[in-house]
Amino acid sequence: MGEHNRFDATTRVDPDGDFVPALLKADTPEQVAQLALQHAQALFGCHVVRLVWDLGIAANGQPLRHTYPNTPPNTAEVALIDAALEAGDEIRASVSETSVSRLASVLGDARAGSQAVLLTDWPAIGGDSWDGEAWHEFLSLVAERIGDVLELAYACLAVERLEKAARLQSALYAIADLASSALDMSEMLRRLHAVVGKLMYAENFLIALYNAERDTLRFIYFVDAKDLNLVPSDEDIPAESFHNSLTLAVIRHGCPAWGPSRQLYRDFGLEWEEVYGPNSADWLGVPMAAEGQVCGAVVVQSYDQAGCYSEEDRDLLVFVAQHILTALLRKQAHAELERRVDERTRELTAEVHERKRGEKLQAALYAIADLASGELAMNEMLQRIHSVVDELMYARNFFIALYSTQRDTIRFIYFADEKDPGMYDPDAEIPAEQMRGSFTLGLIRHGRPVKGPARFVAELLAVPGGIGRGSPAEDFLGVPMVVDGEVRGAVVVQSYDETVRYTDEDSALLSYVAQHIQTAMARKQAQAELDRRVQDRTRELASAVSELRAQIGERERIEQQLMHEALHDSLTGLPNRSFLLDALSRAVSRTQRDPQHLFAVLFLDLDRFKVVNDSVGHLVGDEMLKLSGQRIGACVRKPDVVARLGGDEFALLLEDIHGPEDAYHAAQRVLDALSEPMRLAGKELYPSASIGIAFSDQRYLSAEELLRDADVAMYRAKAHGRHRFEVFDEHLHKEALRLLDLEGELRNGLARSEFEPYFQTIVRLSDAHVVGWEALLRWRHPERGLLRPADFLAVAEESGIAGQIDWQIFEKTCLEIPRLVSRGGYVTINVSAQHFRSPDLAQKLLDLLAAHQVAAHSVRIEMTEGALFENADQVRTTLEVLRQAGVMAALDDFGTGYSSLSYLHRFPMQVLKIDRSFVTDLDSDHKGGSTAVVRAVIALAATLGMEVVAEGIETSTQRGRLLELGCELGQGFLFAHPQTAAGLAALH
């Protein structure tokens with residue numbers, strides 16, 4: 001009753017009363033559409049009628065759209081349909097270039113998911129013939145029915161999808177079960193075929209595996225109703241043989257292929273060949289891939305049904321193919337695992353057998369070794385060895401024979417035989433000539449293991465008579481005993497039982513045992529010899545021990561002497577630096593533990609000791625050092641340490657002092673003792689010393705720090721006049737730190753090229769005409785400004801970088817020389833004594849001048865008198881090379897040193913420079929002193945044909961006196977202060 005109520009209609013909609021019953025009988029969307037279109041055209045007079053609805057899901061995931069009649073809507077119709085569905089209501093539109101109106105009427109409820117759209121064309125809407133009420137009543141009837149039918153269709157689709165999913169799930173379970181089953185590969189593949197056949201048409205079915213490394217195909221399963229060309233399932237076929245195959249094309253391209261085979265051949269650019277079988281009406285192939293690499297393909301085909309497969313079948317086969325590949329790989333892995341398990345089982349069985357055999361052999365060898373080292377008699381040992389061998393193999397009949405190569409005899413030291421007991425005397429040596437018919441001699445001559453029946457062995461060993469001596473054995477096994485490549489005997493086992501046969505393993509085993517038997521007997525024989533030799537050796541050792549004790553005593557004495565020499569000075573016998581540092585380290589450690597413990601270090605240096613060495617010789621100097629050490633040692637207490645550090649340096653460690661006064665008194669005693677004259681080599685010498693004192697303090701962490709500070713104090717004593725002592729204090733500590741900082745600044749300044757030349761003019765005194773310039777060293781310090789050499793040169797010389805600074809100045813001077821001497825003149829550079837120690841000084845200077853294109857005659861070098869005497873021959877050679885190149889040499893500060901005419905004559909000097917100290921005194925009215933020295937120097941230079949330049953001229957009086965004395969050249973503040981080359985250029 002309720003069904004008819006929903007579909008009650010007025011006579012305007014169903015005048016004949018047959019439309020509604022027919023509509024109720026329609027159970028598919030197509031049937032409803034056909035009735036609705038016919039009725040709409042007949043009753044309402046619309047021209048074109050089309051019903052559109054969505055049912056199912058397309059391959060792209062979108063709803064699958066259906067139309068009736070089954071002709072696709074055009075673009076305008078599609079747009080109108082989508083607009084109506086979006087609005088959820090009826091939409092009207094005009095058909096272009098006509099008077100026709102088009103209606104898109106939405107049927108059904110969007111929330112129920114069962115909507116449809118009815119498209120109708122009308123010649124006129126809204127006129128007298130238009131019955132809108134009847135039209136909408138008609139739409140309601142159709143909408144009700146189409147909604148019911150679509151709902152039923154959706155339910156059917158859902159059921160169908162569930163059935164397909166169930167079939168697929170069942171198929172995958174079946175494939176997984178097959179992969180883990182005990183079936184062989186062919187049966188498993190046959191059942192896989194059956195599983196696929198339940199999912200789609202698969203009468204013609206194949207599985208191919210592809211090996212990318214070898215580029216081969218293997219058709220592991222092939223069933224085809226028409227293609228009877230069977231391919232072996234266990235054969236790898238080169239892929240090139242199937243270059244036109246669709247299966248190979250799917251593998252090469254890595255994607256599914258679907259359609260008639262002729263079309264696929266064209267798509268892949270292949271040529272069909274008869275060998276690939278007849279063409280199919282529908283062909284579907286999908287690749288199997290693992291880890292991104294194609295491993296094969298699965299193919300189904302139909303010869304008589306076009307369109308047999310759908311997109312759904314293709315997607316399904318792709319999915320199933322991967323599970324088939326997984327099953328195949330699992331099956332192959334399982335088969336491989338079983339093969340490897342079987343193989344490993346065999347290996348382990350063999351290993352166990354070998355291990356048991358090895359353990360048995362090892363036990364036998366241990367037993368033989370124990371017997372060899374035991375106290376048993378030889379016969380008893382051999383009997384037990386026989387028992388050991390019998391546990392390894394059949395050895396009831398066993399004997400050991402030894403062969404003497406020197407005497408050519410055989411001795412059977414052990415013989416046990418069932419049939420021929422007592423055949424040989426173990427103590428008798430049998431000449432080999434009497435054993436010619438024996439296997440034993442034949443084996444020894446043969447030198448290799450032999451086994452087999454008696455006649456075979458006799459033939460192999462060429463034994464006369466063919467059976468050997470004694471009863472013939474059913475089986476014989478003999479091995480030689482070889483020592484250092486020579487056969488020394490044989491070990492034999494034999495059997496009279498025809499069921500016993502010796503194997504190659506027995507032969508190898510007996511050979512191995514024979515060598516240990518040989519070793520055991522040799523060890524037994526050696527044991528007796530060793531006992532005798534031990535007794536002899538014991539007597540020898542007793543004598544050697546007595547002698548060794550004497551040698552040890554001598555060695556200990558020598559070691560003590562060496563230790564003393566290592567820690568004492570060889571000249572004076574005093575402790576050396578190592579001894580002192582060790583004692584000082586202990587004192588420092590004690591002070592760290594106990595601040596009340598006081599000690600002092602005195603660092604002593606003999607004054608002007610080098611003069612003694614240079615004047616009276618090193619032998620006298622050595623005697624002076626010895627006597628000085630004795631005098632110093634007499635000034636201190638017994639526990640105190642007096643050490644010679646090297647050269648003329650000594651150090652004293654005064655332990656447990658009560659205060660600084662103890663150290664002061666000790667230092668004064670040393671000074672007084674050393675000041676006493678020494679009579680050495682017929683000469684009376686008056687030595688003196690400078691002493692630096694450093695006291696213990698907890699800030700000292702090492703002996704070297706304390707010794708360093710005492711050394712610093714000693715140098716201050718020397719600076720204050722020598723023959724005195726000074727104490728290291730905080731001022732000296734700060735001075736040491738300042739010098740350390742200054743050294744670092746010097747190195748940085750050198751790296752930053754902060755050193756530069758300043759030039760002081762050299763003039764003609766008569767008219768102040770400039771004849772040259774002297775390049776003077778200056779340091780443009782980034783913080784302290786311009787520094788003179790007196791501020792830093794001593795530290796630079798001590799730290800070893802003065803030479804590098806000089807070369808930096810030489811380099812910069814050469815850059816300025818061309819500008820300075822453009823109108824004539826020369827530039828002098830100061831070369832210190834250390835440069836003359838290098839034999840290539842001249843060449844380096846000349847190379848520097850050449851590099852800067854400086855003429856040699858425009859450069860002069862200045863040197864002090866002390867530089868001439870360090871290596872006189874080398875200095876003379878250097879000066880000669882420079883003079884020949886045009887570089888003149890000037891002797892600076894003349895008159896302050898040796899001022900000897902002899903050395904002036906020996907060296908190629910061209911200029912003498914009078915020291916400023918003599919020039920300064922010329923200001924006074926006193927005519928003696930400096931005036932006489934200057935006059936003498938000028939006269940000496942005139943005699944030698946040398947120029948004279950006076951330094952440090954600061955007053956007109958000094959200039960006038962020098963002119964009166966005949967000095968023509970000079971330099972000093974009276975004429976110009978040192979300036980940079982740029983500053984000099986600005987003046988001109």
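- Counting only N and O atoms by type, the side chains of His781 and Glu745 include a donor and acceptor under 3.5 Å apart.
- Remark: Glu726 engages Arg716 in a salt bridge, criterion side-chain N to carboxylate O under 4.0 Å.
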Worksheet item: Which is it for Glu743 and Arg738 under the salt bridge (Lys or Arg N to Asp or Glu O under 4.0 Å) test, yes or no, and what are the steps along the way?
Response: CA-CA 9 Å; Glu743 180 180 344; Arg738 186 190 69 80; over 6 Å; no
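- Here the closest heavy-atom approach between residue Ser753 and residue Gln808 is recorded as CA-OE1, 3.3 Å.
- In this structure, Arg819 and Ala981 approach most closely via the heavy-atom pair NH2-CB, 3.9 Å.
- What you find for Val919 and Ala950 is that their closest heavy atoms are CG2-CB, 4.0 Å.
- Looking at heavy atoms from C-beta onward, Trp773 lies out of side-chain contact with Thr828 at the 4.5 angstrom threshold.
- Side-chain contact, Asp582 with Ser585: no donor N or O sits under 3.5 Å from an acceptor N or O.
- Between Phe579 and His568, the distance from one ring center to the other falls under 6.0 angstrom.
- Using a 4.0 Å cut-off between charged nitrogen and carboxylate oxygen, Lys913 and Glu951 count as a salt-bridge pair.
- We find the CZ-CG distance between Arg708 and Leu706 to be 9.0 Å, quoted to the nearest 0.5 Å.
- Residue Arg722 places its CZ atom among more than 12 non-hydrogen atoms of other residues, nucleotides or ligands, all under 6.0 Å distant.
- Ring-plane geometry between His835 and Phe810 is classed as tilted, the angle between the planes lying from 30 to 60 degrees on a 0 to 90 degree scale.
- With respect to Gln760, the side chain to side chain donor-acceptor pair (under 3.5 Å) criterion is satisfied by exactly one of His977, Gln979, Glu774, Gln971: Gln971.
- Between the CG atom in Leu965 and the CZ atom in Arg961 there is a gap of 8.0 Å [rounded to 0.5 Å].
- Between the SG atom of Cys635 and the CG atom of Asp640 there is a distance of 11.0 Å, given to the nearest 0.5 Å.
- Contact record, Leu671 with Ala689: CD2-O, 3.2 Å, taken as the closest heavy-atom pair.
- Taking each heavy atom of Ala713 and Phe728 in turn, the nearest pair found is CB-N, 3.6 Å.
- Looking at Gln874, its side chain does come within 3.5 Å of a backbone N or O of Arg837 through a donor-acceptor pair.
- At a threshold of 4.5 Å between non-hydrogen side-chain atoms, the residues Ser628 and Leu606 count as touching.
- Residues passing the side chain to side chain donor-acceptor pair (under 3.5 Å) test with Thr761, sequence neighbours excluded: none.
- Pairs engaging residues 702-724 under the ring pair (Phe, Tyr, Trp, His ring centres under 6.0 Å) rule: none recorded [sequence neighbours left out].
- Salt bridge absent: Arg644 and Glu649 never bring a charged side-chain N and a carboxylate O closer than 4.0 Å.
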Item to complete: Show your reasoning for whether side-chain contact (heavy atoms from CB on, under 4.5 Å) applies to Tyr826 and Val771.
Response: CA-CA 7 Å; Tyr826 58 86; Val771 298; 4.1 Å; yes
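- One side chain, Thr955 or Asp923, offers a donor N or O that lies under 3.5 Å from an acceptor on the other.
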Discussion item. Would Val933 and Asp921 count as a side-chain contact (heavy atoms from CB on, under 4.5 Å) here? Give the steps.
Written reply: CA-CA 11 Å; Val933 172; Asp921 288 345; over 6 Å; no
Table please: side-chain donor-acceptor pairs of residues 784-801 below 3.5 Å, with sequence neighbours left out.
{"unit_1": "Asp791", "atom_1": "OD2", "unit_2": "Arg788", "atom_2": "N", "d": "3.2"}
{"unit_1": "Ser799", "atom_1": "OG", "unit_2": "Val795", "atom_2": "O", "d": "2.9"}
{"unit_1": "Ser799", "atom_1": "OG", "unit_2": "Ala796", "atom_2": "O", "d": "3.2"}

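- Asp569 places a side-chain N or O within donor-acceptor distance of the main-chain N or O of Thr572, the cut-off being under 3.5 Å.
- Under a 4.0 Å N-O distance rule, the pair Glu704/Arg577 does not qualify as a salt bridge.
- Atoms CG and CG, from Asp648 and Asp605 in turn, are 4.0 Å apart once rounded to the nearest 0.5 Å.
- Side chains of Leu882 and Ile861 form a contact here, defined as non-hydrogen atoms less than 4.5 Å apart.
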Item to complete: Using the salt bridge (Lys or Arg N to Asp or Glu O under 4.0 Å) rule, take Arg764 and Glu968 through it: C-alpha gap first, then chi angles, then the decisive distance, then the call.
Response: CA-CA 6 Å; Arg764 196 163 48 221; Glu968 298 179 355; over 6 Å; no
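- A salt bridge links Lys626 to Glu623: at least one charged side-chain nitrogen sits closer than 4.0 Å to a carboxylate oxygen.
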Worksheet item: Between Asp873 and Arg876, does a salt bridge (Lys or Arg N to Asp or Glu O under 4.0 Å) hold up when you go through it step by step?
Response: CA-CA 5 Å; Asp873 292 338; Arg876 184 170 57 253; 2.8 Å; yes
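- Within the 4.5 Å cutoff, side-chain heavy atoms of Leu765 are placed close to those of Cys967.
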Item to complete: With salt bridge (Lys or Arg N to Asp or Glu O under 4.0 Å) as the test, would you mind laying out the steps for Arg883 and Glu880 before giving the verdict?
Response: CA-CA 5 Å; Arg883 185 180 65 176; Glu880 288 287 355; 2.8 Å; yes
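- Between the side chains of Ser838 and Lys844, no donor-acceptor pair is found at a separation under 3.5 Å.
- Under the 4.5 Å side-chain criterion, counting only non-hydrogen atoms from C-beta, Val616 is in contact with Lys683.
- In terms of modelled atom types and a separation under 3.5 Å, the side chain of Gln853 and the main chain of Leu849 share no donor-acceptor contact.
- Shown here for Ala587 and Glu655, the closest heavy-atom pair between the two residues is CB-OE2, 3.7 Å.
- Between Val854 and Pro818, some side-chain heavy-atom pair lies under the 4.5 Å cut-off.
- Within the 4.5 Å cutoff, the side chain of Leu777 has no heavy atoms near those of the Asn830 side chain.
- Side-chain contact check for Gln698 and Gln592: no donor-acceptor pair (N or O, by modelled atom type) lies under 3.5 Å.
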Practice prompt. Test Leu707 against Phe603 for side-chain contact (heavy atoms from CB on, under 4.5 Å), laying out the working first.
Written response: CA-CA 7 Å; Leu707 202 59; Phe603 197 106; 4.0 Å; yes
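- With values rounded to the nearest 0.5 angstrom, Asp697 atom CG is found 10.0 Å from Leu598 atom CG.
- Annotation: side chain of Val949 is not in contact with side chain of Ile914 (no heavy-atom distance under 4.5 Å).
- Note that OG1 of Thr591 and CZ of Phe695 are 13.0 Å apart. Values are rounded to the nearest 0.5 Å.
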Fill in: Check against side-chain contact (heavy atoms from CB on, under 4.5 Å), Phe918 and Val937
CA-CA 11 Å; Phe918 300 113; Val937 171; over 6 Å; no
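- Ser690 and Asp607 form a side-chain donor-acceptor contact under 3.5 Å, judged by distance and modelled atom types alone.
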